[in-house]
Amino acid sequence: MSDSAPHCQFEILARDPGSHARCGRLRTAHGPVDTPVFMPVGTQAAVKAMTPAELQEADVGMILANTYHLHVRPGEEIVAAGGGLHRFMGWSGPILTDSGGFQVFSLAGLRKIRDDGVEFSSHVDGRRLFLGPREAMAIQARLGADVVMAFDECPPYPCDHEYACNAVRRTLQWAAVCAKAPRPPGQALFGIVQGGSYADLRRQCAAGLVEQGFDGYAIGGVSVGEPPDVLLEAVAATAACLPPERPRYLMGVGMMGQILAAVEQGVDMFDCVMPTRLARHGAAFTHRGHYSVRNAVWRADQRPLEEGCGCYACRHFSRAYIRHMVNVGEMLGVRLLTMHNLFCYMQFMRAVRAAVAEGRFRQFKAAFEDGLAAAGTVY
RNA sequence: GGUGGGGUACCGAAGUGGUCAACCGGGGCAGACUGUAAAUCUGUUGGCUAUGCCUUCGGACGUUCGAAUCGUCCCCCCACCA
C-alpha cells in the first residue's frame, strides 16, 4: 500500500441498506462534488455546444477532458500558458482528464502498442506521436485537472484471455510509472482496472492497483461494444474488489439504466458522450428513455421536449420549434437539445442521490425500470 | 414571327432501343450512437393482393418483338434574332 496521503478527500455520506449503493462527496482543488456524479464529456476543453454558464445552469458539477486530444491540439503548452485548463476554458469547477488510453482503442489502426507506451499517428495531420505513462502524466500535469487518470490499455471486445491478460500486465506496469510521476499539488490520480470480460483478470488487475494505492479506481474497458450483461458482470466483478473508502469511476457509461445498475454495485462516478452526442444527432432524453425530435409525429407538437422539465429549452420552446431548428440545420437546435439532455441527466443524478440518501434506492430503480417498460423503451 | 436549346420521380440531375421503376445529389421518412477522428453514420424514398404484377420519363399518335430513348404533330420553358 502506498503511504502517501490521498490527493482528494472522499467522504461517504450515506449507504443504501438494500444494495452497495452509496452517496458521497469528493473534495477536489476546485470544490466538492456530490456522488454518484455524472460528468459530461468535454474532450477538447469544451462540452460541445455549451458555455460554462450553461453547464452551471444545468447543474453540471464536474466535467471530463482528454489528454490525447489536447496534446494534439492546441498542445499542453498553450493550455499551460493560458493558466491551465480551468482558466483556459473558463470553467472553475472540477475537471477530470482522461489519460488518452482510450484513444489507443478508439484510434486503433493509427497506432502501435509497445511495452513503454503507444506510437500514434495523429488523427489530425498524421504526424507520429508517442504516448506512454510518463508522457500522459507530464501532459496531464501541465493541463492541471483536479483528477487525472493513469495511462491504460483498453482492449477491444471481444478479445481472448491472453490478449486481455497482456493488456492488464501493461496497464499495471504503466500505472506504477504514473503513480511515481510528479504531479501538481492537489492533483488526484486514479488507476484504471482492465481485464475485459474475464473476472479473474478483473480481480487481478484491481488487486494490483490497490496494492499500488491510488486516490480512486476506475473500471475501464467497458462500453466497447459488448452486450449489456457482459458490461454489468465486469462492473460487479471489479467493484467488489475495490476499497470501499475510495471513489469508484465507471468509464464511458452510459445510459440511465446502466448507471442505476452500476450505482447498485457501489459505483460513484460516470461519464458518457450519450446526452451530448445524441443531442447533436437530434435526440431528446427523458426520464423514460429518449426519442428523436426529427420524427414527423412532433411536427406540430406544442409541448416542451419533456413535460414538467425546468430546463431553459423546455421553459421557452416547443418540440415543433426544436424539431424545426434541427431539421433546417440551425445550430440553436443542437444547443437547446444539449442543454435539455444535460439538465435531464443532472436531474436524474440528483434523484439517484436523494434515493440513496433516503435508503430507497431499490424502489427508485424498480420505479425507473417500470417507467421504461411502460414507455416501451429498452436499454 | 424566326433560329437554337430544353421539358425525367418532391426538387436538381444522369440516362439516348432491351440488363430501367430509372445512376447520383438534395429534400423526406426511419434507425444507430456508451472513457467523442461523431452537429456523424446507415437504411429507405412510384403503387400493390409483393421472389411477381401494375402505372410512370410534357401530351397524343406512330415505328418496333421491345420506347424515357426513334418518327410526326401539339403544349410549355429558356436564349438569341426580329
Side-chain angles (χ1 to χ4, degrees), chain A residues 38-50 62-70 72-73 96-111 120-126 136 145 147-155 157 171 190-194 218-228 230-232 234-235 249-259 261-262 267 269-283 285 290-299 322-323 325-338 341 345 379:
Chain A
F38 179 86
M39 302 176 284
V41 179
T43 302
Q44 316 202 70
V47 175
K48 292 184 192 299
M50 290 294 99
M62 185 167 187
I63 61 174
L64 178 148
N66 188 278
T67 299
Y68 167 78
H69 292 273
L70 293 175
V72 172
R73 284 187 305 194
L96 178 150
T97 43
D98 188 16
S99 61
F102 185 73
Q103 277 61 48
V104 174
F105 158 76
S106 68
L107 301 177
L110 297 181
R111 47 79 161 158
F120 272 96
S121 285
S122 159
H123 71 280
V124 177
D125 58 12
V147 178
V148 302
M149 302 304 296
F151 190 72
D152 64 328
E153 183 188 344
C154 176
Y157 180 88
T171 294
F190 282 25
I192 304 177
V193 180
Q194 290 294 344
I219 303 168
V222 295
S223 57
V224 289
E226 74 282 9
V230 172
L231 189 157
L232 282 181
V235 170
Y249 164 29
L250 177 57
M251 306 186 79
V253 174
M255 301 302 275
M256 291 175 185
Q258 295 173 315
I259 290 173
V267 175
M269 302 167 69
F270 301 88
D271 80 277
C272 191
V273 303
M274 214 89 277
T276 47
R277 178 183 292 172
L278 263 61
R280 294 192 306 283
H281 296 176
F285 275 88
H290 65 271
Y291 64 90
S292 173
V293 283
R294 296 180 318 225
N295 288 3
V297 275
W298 315 125
R299 183 185 295 277
I322 293 172
R323 173 181 189 275
M325 289 293 100
V326 170
N327 282 354
V328 298
E330 282 290 344
M331 63 177 97
L332 182 58
V334 160
R335 286 181 28 71
L336 292 173
L337 278 169
T338 304
N341 286 351
Y345 257 72
Y379 284 129

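In what follows, every chain begins at residue 1, and chains take the letters A, B, ... in the order their sequences are listed.
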Legend entry - Side-chain donor/acceptor of A/Thr276 to base of B/U36, under 3.5 Å: yes

Inset, instruction - May I ask you to evaluate whether A/Ser106 reaches the phosphate of B/A37, defined as a side-chain N or O under 4.0 Å from OP1 or OP2? - result: yes

Please write out each protein N/O paired with an N/O of nucleotides 41-45 of chain B under 3.5 Å, distance rounded to 0.1 Å.
none

Legend entry - Whole-angstrom distance between B/A13 and B/G26, as gauged at atom P: 15 Å

Legend entry - Residue-phosphate contact under 4.0 Å: A/Asn66 side-chain N/O, B/G35 OP1/OP2: no

Inset, instruction - Kindly say whether, by distance alone, the side chain of A/Arg280 makes a donor-acceptor pair under 3.5 Å with the base of B/A38? - result: no

Legend entry - Pairwise P distance, B/A22 and B/G47 [rounded to whole Å]: 13 Å

Legend entry - Same-atom distance (C1') from B/A50 to B/G4, integer angstrom: 47 Å

Legend entry - Inter-nucleotide C1' distance (B/G28, B/C77), Å rounded: 27 Å

Legend entry - Residue among A/Val273, A/Val147, A/Asp271 satisfying side chain to side chain contact (heavy atoms under 4.5 Å, CB included) with A/Leu64: A/Asp271

Inset, instruction - Look at A/Gln103 and B/A37 and indicate whether a side-chain polar atom (N or O) is within less than 4.0 Å of OP1 or OP2. - result: yes

Legend entry - Upstream residue (5' side of RNA chain B) when A/Glu330 and A/Phe105 are each assigned their closest nucleotide: A/Phe105

Inset, instruction - Quote, to the nearest angstrom, the C1' distance that separates B/U44 from B/A38. - result: 22 Å

Legend entry - Rounded distance in Å between the C1' positions of B/U51 and B/C57: 27 Å

Legend entry - N or O in side chain of A/Arg277 less than 4.0 angstrom from B/U40 OP1/OP2: no

Legend entry - Ring-on-base stacking B/U40 with A/His281 (under 5.5 Å, under 30°): yes

